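Note sheet for the following structure.
Each chain gets a letter, A, B and so on, in the order the sequences are listed, and its residues count up from 1. Source: prediction; values computed, not measured.
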There are 2 protein chains.
Amino acid sequence: MPFTRLEIAVLGLVDGELQVLLARRAEAPHAGKWALPGGVLRIDLDASLDAAAQRVMRERLGLDLPFLRQLCAAGGPTRDPRAPWALSIVYRALVPAENVKPSAGKRIEALAWRPVGDAIADKALAFDHSQLVSQAVESTRAEVERLDLPAGFLPDQFTLGELQSTCEQLLGRRLDKSSFRRKLADREVVEPVEGLMRTGANRPAQIYRLHTR
Amino acid sequence: MPFTRLEIAVLGLVDGELQVLLARRAEAPHAGKWALPGGVLRIDLDASLDAAAQRVMRERLGLDLPFLRQLCAAGGPTRDPRAPWALSIVYRALVPAENVKPSAGKRIEALAWRPVGDAIADKALAFDHSQLVSQAVESTRAEVERLDLPAGFLPDQFTLGELQSTCEQLLGRRLDKSSFRRKLADREVVEPVEGLMRTGANRPAQIYRLHTR
DNA sequence: AGGTGTTAGTTGCAAAGTCCCACGAAGTGT
DNA sequence: ACACTTCGTGGGACTTTGCAACTAACACCT
């Protein structure tokens, strides 16, 4: 019966870059170090792992977001000095960072966005969390690559320009406009919202939403 | 502190078809029904989740195979009537079934290969195991599709014809010979063993092995 | 009003990649 | 010698991709 926790890797685009939301630990072990926000599994409260991850995110970050995906599980006797054997189920969330202002909850001293490059650097985070962030980023980029769209990053409605720019920031490289649009059309991932246009300083753009299956 | 188990989905090619190794349960609950072989996590014995999965496979099936990969975790209060909250970490193994003769170990009444199509059928297996098998098959096929080769299915040395035939059985459809070879060459996944040929009833074939990184 | 700048959206084309089919090569068995 | 099988490669049709040009529609400036 191991000590079982959930860890949440919240990814978002901040300052045009992929960043991860980190919590500074208020208590030992690793007090003062940065780590993924997380909490213990409560078998009296949680109806499933997914529900547990939702609860932890709500308690620690004040967020309630639908785009939560299980990443992996990690376990071993030396992962956490508080327990003889520690098991963590790791979840990944995607958020449109501009709209989301998480607030530090229970047992958290401070919250901050940190570029994923920094967080992945060896020993940058407490416990084995650098490695977990690395996995989260890898799987997210793979999804974007195959246009399995990370809807969490986007508002309900968006223009194709916004979508492309988001993908470019996630992948860290430029994409070709016409190829990008052709693929979207072929795979029917988005559909136009008839009559709605985004107006601004230049030519209005058609507004799209995710295709309803 | 949930009741924590490991479940192993062993996949192999038997009779030219993708099959999964199932155990008939000797005890309640679901006595007599088929399920994935598995066992409880032992924090006094296991140094990691991977090691725990290896131990369970050895104890239940008498196998000791290197190709074991974590698939997902499942948890909830109604998964297993023995515990108020049951957590399972699911692993997937790939074996060249012809060479491997698993033997029923502790608490197992009988072992049998079963085509994955049957096992996936609704309520064919105990607990939520049908769903777990479905995920195992899906992820395995995705790996083969991108030629992230499931080395567990193959001997150390093989011909390209054997490799292609293996992939075809895994995917359940025919592949084109020249495309298949071009992709292998481009991605440098295999390399020829110079001078070694497989002889038989017809033209000898070059023998290959996995490319050494 | 007319010019300029910026983004939206489409089109054309060449290069690269894939799919399908076919052909020669190299063995065995009759 | 001939049929038969699998191995290995090559060619042509077709599709996908990457790049660039072009028009369209707005705001803003002079």
Side-chain angles (χ1 to χ4, degrees), chain A residues 13 16 98 141-149 154-211, chain B residues 13 16 98 141-149 154-211:
Chain A
L13 291 175
E98 296 82 14
R141 292 212 163 122
E143 278 171 35
V144 176
E145 201 79 58
R146 74 180 104 92
L147 285 188
D148 182 356
L149 286 185
L154 292 167
D156 289 351
Q157 302 188 330
F158 47 85
T159 69
L160 295 188
E162 291 161 3
L163 176 57
Q164 182 177 344
S165 163
T166 300
C167 290
E168 288 173 347
Q169 290 172 25
L170 284 171
L171 294 174
R173 69 181 161 85
R174 303 302 305 275
L175 300 172
D176 175 67
K177 185 163 57 166
S178 67
S179 305
F180 186 72
R181 288 169 185 235
R182 255 183 317 222
K183 274 182 226 165
L184 287 175
D186 287 353
R187 300 176 200 180
E188 296 186 335
V189 285
V190 296
E191 61 183 4
V193 181
E194 300 297 342
L196 257 186
M197 303 297 264
R198 166 88 22 105
T199 57
N202 26 37
R203 175 174 174 177
Q206 174 64 53
I207 287 184
Y208 287 77
R209 65 174 161 228
L210 291 178
H211 191 273
Chain B
L13 291 174
E98 295 82 14
R141 292 209 163 124
E143 278 171 38
V144 176
E145 201 79 58
R146 75 180 105 92
L147 286 186
D148 182 359
L149 286 183
L154 291 167
D156 289 350
Q157 302 190 329
F158 47 85
T159 68
L160 296 187
E162 291 161 3
L163 175 57
Q164 183 177 344
S165 164
T166 300
C167 291
E168 288 173 346
Q169 289 173 26
L170 284 170
L171 294 174
R173 69 183 161 85
R174 301 303 305 274
L175 300 172
D176 176 67
K177 185 162 54 167
S178 66
S179 307
F180 185 73
R181 288 169 185 234
R182 243 180 303 113
K183 275 181 223 163
L184 287 175
D186 288 353
R187 301 175 201 181
E188 297 187 332
V189 286
V190 296
E191 61 183 3
V193 181
E194 301 296 343
L196 257 186
M197 304 296 263
R198 167 88 26 104
T199 57
N202 26 36
R203 177 175 173 176
Q206 175 64 54
I207 287 184
Y208 287 78
R209 65 175 161 228
L210 290 177
H211 191 272

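- Considering all non-hydrogen atoms of both residues, B/L147 and B/R187 come closest at CB-NH1, 4.3 Å.
- The minimum heavy-atom distance between B/L160 and B/Y208, with the atom names listed, is CG-CE1, 3.4 Å.
- Atom CZ in B/R174 sits roughly 15 Å away from atom P in C/dC19 (whole-Å rounding).
- Across the protein-nucleic acid pair, B/K183 atom NZ and C/dC20 atom P stand 11 Å apart, rounded to whole Å.
- The interatomic distance linking A/L163 (CG) with C/dT7 (P) rounds to 17 Å, in whole Å.
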Output a table of nitrogen or oxygen pairs between the protein and nucleotides 26-30 of chain C separated by less than 3.5 Å.
{"residue": "C/dT28", "atom": "O4'", "partner": "B/A201", "partner atom": "O", "Å": "2.7"}

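- Atoms NZ (B/K177) and P (C/dC21) sit 14 Å apart, rounded to a whole Å.
- Whole-Å rounding puts the A/R198 CZ to C/dG9 P distance at 11 Å.
- As rounded to whole Å, 15 Å separates atom C1' of C/dA8 from atom CG of A/L184.
- Nearest heavy atom pair, residue A/D176 against residue A/Q164, reads C-NE2, 3.9 Å.
- The distance from atom CG of B/D186 to atom P of C/dT18 is 7 Å, rounded to the nearest whole Å.
- Nucleotides of DNA chain D that come within less than 4.0 Å of any heavy atom of chain B span, from the 5' end to the 3' end, D/dT5 to D/dG10.
- The minimum heavy-atom distance linking A/H211 with A/E191 is given by the pair CD2-OE1, 3.6 Å.
- Closest heavy-atom contact between A/G161 and A/R181: N-NH2, 4.3 Å.
- Side chains of A/L170 and A/R141 form no contact here, defined as non-hydrogen atoms less than 4.5 Å apart.
- Taking 4.5 Å as the limit, some side-chain heavy atom of A/F180 sits within range of a side-chain heavy atom of A/L163.
- The environment of CG in B/D156 is sparse: at most 12 heavy-atom neighbours from other residues, nucleotides or ligands sit within 6.0 Å.
- Nearest-nucleotide assignment on DNA chain D puts the 5′-proximal partner with B/R182, out of A/D176 and B/R182.
- Put simply, B/S179 has a side-chain N or O that comes within less than 4.0 Å of OP1 or OP2 on C/dC19.
- Looking at heavy-atom distances under 4.0 Å, B/S178 makes contact with a base.
- Nearest heavy atoms, B/L171 versus B/E145: CD2-OE1, 3.7 Å.
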